Amino acid sequence: MDIKALIREVPDFPKPGIQFKDITTLLRDAEGLRYTVDVLAEKCADLNPDFVIGMESRGFIFGAPLAYKLGCGFIPVRKPGKLPAAVHCIEYELEYGMDRLEVHQDALHPPESRILIVDDVIATGGTASATAKLVQQTGCTLVGFAFVIELKDLNGRKHLPDVPIITLVEY
Ligand code: AMP
């Protein structure tokens, strides 16, 4: 199946010069959605994770069904102030200014857990790299990353630790 054909490219969103990769057109296609999650699961199975971590908010959309398929738990990484219990947090740099991600302190447990990080897109790699640091702070083992889309020119993978990086389509 041609996943790329189901991804809509929207020019100049959210600001001029950005070619936004809109996955809502993929998500609304029943076969496309199933195929995407199935292929991600096939490619990630050998990594043998105990938990899938997804970043708010599009990482949740692919991360939760992937965790279900792999027989893992799912852990959400969220923007500040959304998680109700005690959190670990990490600050990371954006193009302008800083942002912060949080995860429940008791979620990344026990420390020998094997963690797979999932998001829809890897662009600059800032979000995935910050999430990896959050995982590594807890002593858990990061076993890999999975993204539906990789924006090759931005070379986000150079910011990621040396673990397998699974991607389905490249631009
Ligand atoms: P990154 O620059 O890798 O930290 O990407 C930050 C987040 O923005 C990712 O979680 C992506 O979901 C999203 N993102 C970045 N660039 C794009 C793009 N061109 N189209 C769609 N989503 C994007």
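A quick note: this is a predicted structure, and the numbers were derived from the prediction, not measured. Counting starts at 1 for both ligands and their atoms, in listed order. These values consider heavy atoms only, across backbone and side chains, with no hydrogens, waters or symmetry-generated copies.
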Worksheet item: How far does CG of D46 sit from CD of E42, to the nearest 0.5 angstrom?
Response: 10.5 Å
Fill in: Set of side-chain contact (heavy atoms from CB on, under 4.5 Å) partners for D29, sequence neighbours left out
L6, E31
Discussion item. Restricting to side-chain contact (heavy atoms from CB on, under 4.5 Å), what partner residues turn up for S129, sequence neighbours left out?
Written reply: K133, H159, L160
Item to complete: Identify whether L108 and V118 are in the same connected component of the hydrophobic contact network (ILVMFWY, side-chain heavy atoms under 4.5 Å).
Response: no
Tabulate distances under 3.5 Å between N/O atoms of ligand 1 and N/O atoms of the protein, writing both atom names on each line.
{"residue": "ligand 1", "atom": "2 (O)", "partner": "T124", "partner atom": "N", "Å": "2.8"}
{"residue": "ligand 1", "atom": "2 (O)", "partner": "T124", "partner atom": "OG1", "Å": "2.5"}
{"residue": "ligand 1", "atom": "3 (O)", "partner": "A123", "partner atom": "N", "Å": "2.9"}
{"residue": "ligand 1", "atom": "3 (O)", "partner": "T124", "partner atom": "N", "Å": "3.1"}
{"residue": "ligand 1", "atom": "3 (O)", "partner": "G125", "partner atom": "N", "Å": "2.8"}
{"residue": "ligand 1", "atom": "4 (O)", "partner": "G126", "partner atom": "N", "Å": "3.4"}
{"residue": "ligand 1", "atom": "4 (O)", "partner": "T127", "partner atom": "N", "Å": "2.9"}
{"residue": "ligand 1", "atom": "4 (O)", "partner": "T127", "partner atom": "OG1", "Å": "2.6"}
{"residue": "ligand 1", "atom": "10 (O)", "partner": "D119", "partner atom": "OD2", "Å": "2.6"}
{"residue": "ligand 1", "atom": "12 (O)", "partner": "D120", "partner atom": "OD1", "Å": "2.6"}
{"residue": "ligand 1", "atom": "19 (N)", "partner": "Q19", "partner atom": "O", "Å": "3.1"}
{"residue": "ligand 1", "atom": "20 (N)", "partner": "K21", "partner atom": "N", "Å": "2.9"}
{"residue": "ligand 1", "atom": "22 (N)", "partner": "R58", "partner atom": "NH1", "Å": "3.2"}

Worksheet item: How many angstroms lie between CG in D119 and CZ in F60, if you round to the nearest 0.5 Å?
Response: 9.5 Å
Discussion item. Could you work out, with side-chain contact (heavy atoms from CB on, under 4.5 Å) as the rule, every residue matching E9, not counting sequence neighbours?
Written reply: Q19, K21, Y171
